[in-house]
Amino acid sequence: MIVCVAVVGHQNNPLYIQSFTEADDALKLHHIVHCSLDVVDERVNNPKKSSPTLNETFLGLLYPTENYKVYGYLTNTKVKLILVTTDLDVRDADVRNFFRKFHAAYVDAVSNPFHVPGKKITSRTFSERVSTVVKSFGLSSGS
């Protein structure tokens, strides 16, 4: 089950963070997302130490914790998409498919002429689309 998704700007400023659990866990999930940015920077700045190639936008599993797994995706504009899940046996193909849909939703949101680049994403349409993608991830991973 996906418990949190985030969009983080190229200067590590949060553009969008959505938790899909109780309010008590929200702060902990925000902390996990923030900690994952160090791993993203490490993989981007030291490409020979990590498995993905420079052209690969899917960063894979950033780090596992006792209860969560954190995955990352880097766009061409250095915007980071972060996924936190409680499923400990997720296939990479499912995560890649999720990020493809999540990235498409992000591109549509920032392509809005009323969106100011670098500012938080406040679009209700984007939030609804992300929620739909998260729900479909739960259904597809169960099959």
S.K.: Sort and list the pairs that fulfil salt bridge (charged side-chain N to carboxylate O under 4.0 Å, His left out) and have at least one residue in residues 27-36, not counting sequence neighbours.
M.R.: none
S.K.: Are Cys4 and Ile17 side-chain neighbours, meaning at least one heavy-atom pair lies under 4.5 Å?
M.R.: yes
S.K.: What verdict does the side-chain hydrogen bond (donor to acceptor under 3.5 Å, both in side chains) test give for Lys120 and Asn13, after you've listed the backbone C-alpha separation in whole Å, the side-chain angles of each residue and the deciding distance to 0.1 Å?
M.R.: CA-CA 9 Å; Lys120 289 189 183 263; Asn13 53 323; over 6 Å; no
S.K.: Looking at NZ of Lys78 and CG of Asn76, how far apart are the two atoms once the value is rounded to the nearest 0.5 Å?
M.R.: 7.5 Å
S.K.: Is there a path of hydrophobic side-chain contacts, each under 4.5 Å between heavy atoms of I/L/V/M/F/W/Y residues, joining Leu37 to Ile32?
M.R.: yes
S.K.: Distance check, rounded to the nearest 0.5 Å: Thr122 atom OG1 versus Tyr16 atom OH?
M.R.: 10.5 Å
S.K.: Please verify the inter-ring angle class for Tyr106 with Phe126; under 30° counts as parallel, over 60° as perpendicular, anything in between as tilted.
M.R.: perpendicular
S.K.: Run the numbers on Ile121 and His115 for side chain to side chain contact (heavy atoms under 4.5 Å, CB included), then give the verdict.
M.R.: CA-CA 8 Å; Ile121 300 170; His115 174 73; 3.9 Å; yes
S.K.: For the side chain of Thr85 and the backbone of Asp87, is there at least one donor-acceptor N/O pair under 3.5 Å apart?
M.R.: yes
S.K.: ring-ring contact (aromatic ring centres under 6.0 Å, His included) with Phe137: which of Phe20, Phe98, Phe102?
M.R.: Phe98
S.K.: Nearest 0.5 Å please: distance from the CG atom of Leu88 over to the CD atom of Glu66.
M.R.: 10.0 Å
S.K.: Per the salt bridge (charged side-chain N to carboxylate O under 4.0 Å, His left out) rule, what does the pair list look like for residues 96-115, sequence neighbours excluded?
M.R.: Glu56-Arg96, Asp108-Arg129
S.K.: Where is the tightest heavy-atom contact between Leu62 and Ser36, given as atom of each residue plus distance?
M.R.: CD1-CB, 3.8 Å
S.K.: Please determine whether the number of non-hydrogen atoms from other residues, nucleotides or ligands lying under 6.0 Å from atom NE2 of His34 exceeds 12.
M.R.: no
S.K.: Taking the side chain from Lys69 and the backbone from Thr86, do they hold a donor-acceptor pair closer than 3.5 Å?
M.R.: no
S.K.: Using distance alone, with no hydrogens and no angle criterion, decide if Ser19 and Thr21 have a side-chain donor and acceptor under 3.5 Å apart.
M.R.: no
S.K.: So do the side chains of Val7 and Val79 get within less than 4.5 Å of each other, counting heavy atoms only?
M.R.: yes
S.K.: Are side-chain heavy atoms of Asp25 and Val3 found at a separation under 4.5 Å?
M.R.: no
S.K.: Is there side-chain contact between Val40 and Ile82, with heavy atoms separated by less than 4.5 Å?
M.R.: yes
S.K.: According to the ring-ring contact (aromatic ring centres under 6.0 Å, His included) rule, which pairs have a member within residues 63-92, sequence neighbours left out?
M.R.: Tyr73-Phe99, Tyr73-His103
S.K.: Any side-chain heavy atom of Asp41 within less than 4.5 Å of one from Lys80?
M.R.: yes
S.K.: Between Leu81 and Val5, is a side chain to side chain contact (heavy atoms under 4.5 Å, CB included) present by the stated rule, with each step listed?
M.R.: CA-CA 7 Å; Leu81 306 178; Val5 293; over 6 Å; no
